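Since the structure is predicted, the reported quantities are computational estimates derived from the model, not experimental observations.
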Amino acid sequence: QVQLVESGGGLVQAGGSLRLSCAASGRTLIWRAMAWFRQAPGKEREFVAAIGWSGGVPYYADSVKGRFSISRDTAKNTVSLQMNSLKPEDTAVYYCAATYGYGSVYVKESYKYWGQGTQVTVSS
């Protein structure tokens with residue numbers, strides 16, 4: 001059984017920074033990609049960023065390009081999301097996700113494993 005555990009959420013003022021981390025444990029798999037999604041109250045879960053596990057190629061939603069940076073540590077089986085210049089509209093529960101299958105890295109249906117989520121709140 002695979003478990004994904006997020007950490008690093010919290011409350012920050014607009015313009016501030018936070019760093020989220022996600023650790024994978026349990027059955028070891030060769031991921032194809034790991035990603036971050038977010039869900040604000042009353043909204044659909046949306047793609048934020050993903051990273052290819054072998055080559056480290058990053059993918060970003062347009063709304064976070066230039067502000068967020070995703071990275072991974074293959075030895076520690078972790079993925080991180082550095083969030084800078086945060087805006088109130090970034091407020092959401094952020095979820096870590098992982099897949100070893102095929103499918104677009106941009107869609108949540110491609111991911112089999114999910115963390116429990118961590119709250120990020122950006123005040124204006």
Contacts under 3.5 angstrom, residues 17-24 side chains, donor-acceptor by atom type, not counting sequence neighbours:
residue: Ser17; atom: OG; partner: Asn84; partner atom: OD1; Å: 2.9
residue: Arg19; atom: NH1; partner: Gln82; partner atom: OE1; Å: 3.2

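Under the 6.0 Å cut-off for aromatic ring centres, Trp36 and Phe68 do not qualify, their centroids lying 6.0 Å or more apart. A distance of 6.0 Å or more separates the ring centres of Tyr95 and Phe37.
Glu6 contributes a side-chain N or O that, together with a main-chain N or O of Gly117, makes up a donor-acceptor pair within less than 3.5 Å. Although no hydrogens or angles enter the test, the distance criterion places no donor-acceptor pair under 3.5 Å between the side chain of Thr121 and the main chain of Thr91.
Looking only at side-chain heavy atoms (C-beta outward), Gln39 and Glu44 stay at 4.5 Å or farther from each other. Looking at heavy atoms from C-beta onward, Tyr100 lies out of side-chain contact with Trp53 at the 4.5 angstrom threshold. Looking at heavy atoms from C-beta onward, Ile70 lies in side-chain contact with Val79 at the 4.5 angstrom threshold. For the pair Asp90/Arg67, a side-chain contact is recorded, criterion being any heavy-atom separation below 4.5 Å from C-beta on.
For the pair Ser110 and Gly103, the tightest heavy-atom approach, listed with the atom from each and the gap, is OG-C, 3.5 Å. Contact record, Ser124 with Ala14: CA-CB, 4.3 Å, taken as the closest heavy-atom pair. The shortest heavy-atom contact between Asp73 and Lys76 is OD1-N, 3.1 Å. In this structure, Ala33 and Tyr111 approach most closely via the heavy-atom pair O-CE2, 4.2 Å. Across Ser69 and Tyr60, no two heavy atoms sit closer than the pair CA-OH, 3.3 Å.
Rounding to the nearest 0.5 angstrom, the gap separating the NZ atom in Lys112 from the CZ atom in Arg32 is 15.5 Å. From Phe47, atom CZ reaches atom OG of Ser104 across 8.0 Å, with rounding to the nearest 0.5 Å. Rounded to the nearest 0.5 angstrom, Trp31 CH2 and Arg72 CZ are separated by 14.5 Å.
Tyr102 belongs to no hydrophobic cluster with other residues, because no ILVMFWY side-chain heavy atom falls under 4.5 Å from its own, directly or through intermediates.
In this structure, Val105 is not a member of the same hydrophobic cluster as Val48, with clusters built from ILVMFWY side-chain heavy atoms closer than 4.5 Å. By the rule that hydrophobic residues join a cluster once side-chain heavy atoms approach within less than 4.5 Å of another member, Val120 and Val93 end up as members of separate clusters.
For the pair Arg45 and Trp114, the cation sits on the ring face: its NZ or CZ lies under 6.0 Å from the ring centre, inside 45° of the axis.
Checking each of Thr99, Thr78, Leu4 against Met34 for a side-chain contact (heavy atoms from CB on, under 4.5 Å) leaves exactly one that passes, namely Leu4.
The neighbour count for Glu109 CD, taken as heavy atoms of other residues, nucleotides or ligands under 6.0 Å away, is above 12.
Listed by first then second residue, pairs satisfying salt bridge (charged side-chain N to carboxylate O under 4.0 Å, His left out) with a partner in residues 46-64 read Arg38-Glu46, Asp62-Lys65, not counting sequence neighbours.
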